[in-house]
Amino acid sequence: MTPGVEAVARRAREVVPADGVVDDPARLRTYECDGLAHYRVVPALVVIPEDADQLAAVVRACAEHRVPFVARGSGTGLSGGALPHAEGVLVVTSRMRAIRAVRRDDQRAVVEPGVINLDVTRAATPYGYYYAPDPSSQQICSIGGNVAENSGGAHCLKYGFTTNHVLAADFVTADGDRVRLGGGAPDSPGYDLLGAVVGSEGTLGIVTEVTVRLVRLPEEVRTLLVGFGSTDQAGAAVSAIIAAGVVPAAIEMMDELAIEAAEEAVHCGYPEGAGAVLVIELDGPAVEVEAEYAAVERLCRDNGAFEQRVATDPAERALIWKGRKSAFAAVGRISPDYIVQDGVIPRTALPQVLAAIAELSATSGVRVANVFHAGDGNLHPLVLFDEARPGEAEAAEEVSGAILDLCISHGGSITGEHGVGMDKAKFMPRMYDEADLDTMQLVRCAFDPQSIANPGKVFPTPRLCGEVPGRHKGAHPAQEAGLAEVF
Amino acid sequence: MTTVAVARPSTTAEVAEVLRDAAARGHTVVPTGRGTKLSWGMPVEPDVLVDLSGMDRVVDHQAGDLIVVAEAGARLADVQALVGGARQRLALDETVPGASIGGTIATNASGPQRLLAGTARDLLIGVTVVRADGVVAKAGGRVVKNVAGYDVGKLMVGSFGTLAVVTEAVFRLHPEPEARRWVSVEPDDLPDAVRAVVHSQAAPWAVEVDGGTLSVLLGGRTDGVDARARTIADLVGGDVSSTAPPWWGTCPWAEGETGLKITFLLSGLRDVLAAAADVGARVRGSAGSGVVHAAVADGVPDALARLREAAARHDGTVVVVDAPPEVKAAVDVWGPVPALDLMRRVKREFDPDHRLSPGRFVGGI
Ligand SMILES: Cc1cc2nc3c(=O)[nH]c(=O)nc-3n(C[C@H](O)[C@H](O)[C@H](O)COP(=O)(O)OP(=O)(O)OC[C@H]3O[C@@H](n4cnc5c(N)ncnc54)[C@H](O)[C@@H]3O)c2cc1C
């Protein structure tokens, strides 16, 4: 332990109950990785505060002693965002799990950051409402983690991402100050700092309370499972649906290899011999769903669908979703190791990009199973390998990286929902130029000039705050005091 | 009063040149699109007005991907006309006739469509800006789903030209519905009627009020909207029409009056409307979203204070959007703002010399 961490540990013991301050090596090791398990770092100290006061006190101590800190929710992140710092403090929100309020009339819920995503929906359902962003990990991931990653889910096609559903947050800055960002009502005046914090992957500070929007449960939900001969056909059907002006709640695609894996793992009974399946969900007023369903059914048929099944009750719906939602884990059945990639392309580039991925796979001999949010072009290629066989891990890594390059060259993104974290920081300069990255880091410098909040994540090279000559000169204090007459 | 020089660049590179030049001379700068909302916020008299009306191209429309790319000076109406050809729309309302893309971003102006689609903050997926030091930077991209790096675009939305000059924007689009219907009624109890509509499963696209009138928009497939309109009419009464009421999506104030934006949690609607009636303010706007505009003819300082009390009881705020200069000079235009210190730090990083729209924004930023 560095003297700084020792000082933080002393302070933590003053404010946090004893079992919430962890320095025992065996217990520390249980926090060494998040959902991306091949990066491992044992933190110097783990603190598990019970409330925002305790949490802020620990962060303030970190700031005083310039000790790096990393926030952690449920540790399901897939980009190493919650990877600890060897000489830093891991601040875990798992004891901050209170749902403070569910206010139907205001369509809001107020929750602590450690609250599990699905629990918000469970709390709101009795009132006829739910929390719309639904990452596949929603049974375990935390709202704080969702905010940090701007998480999405299958239903974000129609309803938007975390950023569209968070109205306000209590926030502990990297200095340990507590501020409120946004407000319960929309359009809080001033800069949209909350908009910058959502998706910032814990690099600006720690969220300690979140006010989210609740969405009215739809009158009708209809889920279709559609089998196609090929991904090209399925992709054409998706294009036709979008072109017809239908906005399904979700359109998910799986290719042959992904279907095979899901079958082996969960026996979801997807159409036999399918080269691709679509899971399409329509929701809304019953009359509207009926009309859209007729259109979707026809468009799928026109584009070569050979089998269509409809679920109308929750049990049938769950069965259709089971295959899709278990897809990541399922590939474990057909491959000892795999990389879950996350990239985005303009949806219309799907046929070219899938063809290019197939070619990459053929030339390298690395198998790739494709699962994706087809409606918004968010690909999750699963790159399969066997660690035990020499060279395979490296080959898989190469294919996985080449897929990101494909996304970039088609004008897409290196991540649609899993974040940059540790894993993709090196790809950031391929997507953004130096000026772009420098501009992002201006935000970092405003929030965290000492660079102690989750350092080493997101950006390949940190900017030294205040390094630009002339910075801070000429700030007009009179003007800041609101004296417009200086002009 | 200083003489204002006007620069009329036609490319991002030219904007960068103007800003580098302004930086070298220590000049203050105000960017403007079409000038329709230049009077919003605190008054500023800059050395240089950067008029972006020459950057008015709709650069790209990818109908299949539901995105549009437009320069900051492009008219919102021109963007709508272009994407409308593919039966799509940019779900932003033109609350002030002639509004530009850049001005809509800078003011985060919103209208009825916000209930369904949000505001510019929710629709902007990529942005090109020129910083105070003349550096050109991009954030976001051309795809709807993208979490790579900070969402700098969100900081630009509603920043009133104080952080950087936006020169180009990428937005996500929505498909045009087959049909639209408006159900309009003067209910006995307006807040109750709003509440009934908001919590219904008929999926209202917009829930607007104008004085004592409630108007609900439904959009979708023809059969569907007709049935949903009947559901709403059964719920709160009223007539169904396939055209919008004349006041739809407009600001309620007239020249010389003071225009306010009032926000509140939905349960506060009754209280806020009562306070507005008390001070003689005319209210119009997105009651179903907790955002309304109000017009006040006189007695602004007192009216503002009482409305702020009411809004604050419901976690909301009141901002003076537009007003005669003497009114703005006499009141606190922005009202109390949380996290102001952090906002100042952001401003200091982006514009350390305070040259972009100085004094126009919250806390004298
Ligand atoms: C099987 C599986 C399926 C998944 N499916 C999806 C999916 O469909 N969509 C999707 O978007 N993601 C998905 N994910 C990724 C992951 O679940 C999300 O990123 C999730 O939001 C992470 O939440 P967490 O609580 O586990 O956060 P963690 O992994 O603990 O942390 C993630 C990041 O958030 C930061 N952080 C955590 N809490 C806070 C806080 N209170 N304040 C500030 N920063 C904080 C951390 O520092 C870290 O950078 C999936 C993961 C798995 C394992």
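Numbered from 1 within each chain, the chains take letters A, B, ... in sequence-line order. Keep in mind it's a predicted model, so treat the numbers as computed, not measured.
Between the side chains of A:S151 and A:E417, no donor-acceptor pair is found at a separation under 3.5 Å. For the residue pair A:D105 and B:S267, no side-chain donor N or O sits within less than 3.5 Å of a side-chain acceptor on the partner. For the residue pair A:T203 and B:Y150, a side-chain donor N or O sits within less than 3.5 Å of a side-chain acceptor on the partner.
In this structure the side chain of A:N378 reaches within 4.5 angstrom of the side chain of A:D342, judged on heavy atoms. A:E288 is listed as a side-chain neighbour of B:R221, based on a closest heavy-atom distance under 4.5 Å. You'll find the side chain of B:V69 reaches within 4.5 Å of the side chain of B:R142, heavy atoms only. By the 4.5 Å heavy-atom criterion applied to side chains, B:T128 and B:V136 are counted as neighbours.
With respect to chain B, the highest number of heavy-atom pairs below 4.5 Å among A:D175, A:V198, A:D177 belongs to A:D175. Chain A forms the most heavy-atom pairs under 4.5 Å with one residue out of B:H199, B:M343, B:K138, and that residue is B:H199. Of the listed residues A:R104, A:R103, A:H373, the one with more heavy-atom pairs under 4.5 angstrom with chain B than any other is A:R104. Most heavy-atom pairs under 4.5 Å with chain A, from the set B:Q62, B:K261, B:H314: that is B:K261. For the set A:L204, A:L194, A:I345, A:I242, the entry with the most heavy-atom pairs within less than 4.5 Å of chain B is A:L204. In terms of heavy-atom pairs under 4.5 Å with chain B, the best-connected choice from A:G411, A:P186, A:G183, A:G245 is A:P186. Between chain B and the residues A:E220, A:E434, A:R444, A:K424, the largest count of heavy-atom pairs under 4.5 Å involves A:R444. Note on B:V147, B:D315, B:V129: by heavy-atom pairs under 4.5 Å with chain A, the leading option is B:V147. Counting heavy-atom pairs closer than 4.5 Å to chain A, the top-ranked of the candidates B:G26, B:G140, B:A148, B:G290 is B:A148. The most heavy-atom pairs under 4.5 Å with chain B, out of A:Y432, A:Y191, A:F459, A:F447, come from A:Y191. The greatest number of non-hydrogen atom pairs below 4.5 Å with chain A, out of B:L155, B:T231, B:D351, is found for B:L155.
Around OH of A:Y127, the count of heavy atoms belonging to other residues, nucleotides or ligands within 6.0 Å does not exceed 12.
With a threshold of 4.5 angstrom between heavy atoms, B:R121 approaches chain A through side-chain atoms but not through N, CA, C or O. Both the backbone and the side chain of B:V198 come within contact range of chain A, each with at least one heavy atom under 4.5 Å from a heavy atom of that chain. Only the side chain of B:V291 comes within contact range of chain A, with at least one heavy atom under 4.5 Å from a heavy atom of that chain. For B:A202, the part lying under 4.5 angstrom from a heavy atom of chain A is the backbone only. Heavy atoms of A:E290 lying under 4.5 Å from chain B are absent altogether. Interface remark: A:P218 contributes backbone atoms only to the contact with chain B (heavy atom separation under 4.5 Å). Looking at A:T439, the atoms closer than 4.5 Å to chain B (heavy atoms on both sides) sit in the backbone and in the side chain alike. Neither the backbone nor the side chain of A:A425 comes within less than 4.5 Å of any heavy atom in chain B. For a residue to count as touching a neighbouring chain, one of its non-hydrogen atoms must lie under 4.5 Å from one of that chain's; by this rule B:S289 touches chain A with the backbone only. Proximity to chain B (any heavy atom under 4.5 Å) is shown, for A:Y159, by neither the backbone nor the side chain. Proximity to chain A involves both the backbone and the side chain of B:V346, based on heavy atoms less than 4.5 angstrom apart. B:L269 does not touch chain A: none of its heavy atoms, backbone or side chain, sits under 4.5 Å away. In this structure, chain A has a heavy atom under 4.5 Å from the side chain of B:V362, while its backbone stays farther away. Of the atoms belonging to A:M440, heavy atoms from both backbone and side chain fall under 4.5 Å from chain B. Proximity to chain A (any heavy atom under 4.5 Å) is shown, for B:T263, by both the backbone and the side chain. With a 4.5 angstrom heavy-atom cutoff, A:A243 does not touch chain B via any of its atoms. When heavy atoms are compared at a cutoff of 4.5 Å, A:R216 approaches chain B solely by way of its side chain, counted from C-beta outward. Heavy atoms of B:F361 lying under 4.5 Å from chain A belong exclusively to its side chain.
Every residue two or more places apart in sequence or in another chain that forms a salt bridge (Lys or Arg N to Asp or Glu O under 4.0 Å) with B:K154 is listed here: B:D151. Residues satisfying the salt bridge (Lys or Arg N to Asp or Glu O under 4.0 Å) criterion with B:D122, sequence neighbours excluded, are absent altogether. In this structure A:H410 satisfies the side-chain hydrogen bond (donor to acceptor under 3.5 Å, both in side chains) test with no other residue, sequence neighbours excluded.
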Run the side-chain contact (heavy atoms from CB on, under 4.5 Å) test on B:R131 and B:L163 for me, step by step, so that the C-alpha distance in whole Å, both residues' side-chain angles and the decisive distance to 0.1 Å come before the verdict.
CA-CA 7 Å; B:R131 298 189 333 205; B:L163 281 185; over 6 Å; no
Would you sort out whether A:K158 and A:D283 count as a salt bridge (Lys or Arg N to Asp or Glu O under 4.0 Å), showing the intermediate values?
CA-CA 10 Å; A:K158 180 169 178 181; A:D283 71 5; 2.7 Å; yes
Show your working on salt bridge (Lys or Arg N to Asp or Glu O under 4.0 Å) between B:R355 and B:D47 and close with a plain yes or no.
CA-CA 9 Å; B:R355 290 185 303 95; B:D47 301 320; over 6 Å; no
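Inspection of non-hydrogen atoms places A:F161, A:T163, A:N164, A:T173 of residues 161-173 of chain A under 4.5 Å from chain B.
Looking at B:K347, its side chain does come within 3.5 Å of a backbone N or O of B:T162 through a donor-acceptor pair. In this structure a side-chain-to-backbone donor-acceptor pair under 3.5 Å is present from B:D133 to B:V135. A donor-acceptor distance shorter than 3.5 angstrom exists from the side chain of B:R344 to the backbone of B:G363, with no hydrogens or angles considered. In this structure, the side chain of B:R313 does not engage the main chain of B:G268 through any donor-acceptor pair within 3.5 Å.
Both tests do not hold together for B:R360 against B:F160: distance to the six-membered ring centre under 6.0 Å, angle to the ring axis within 45°.
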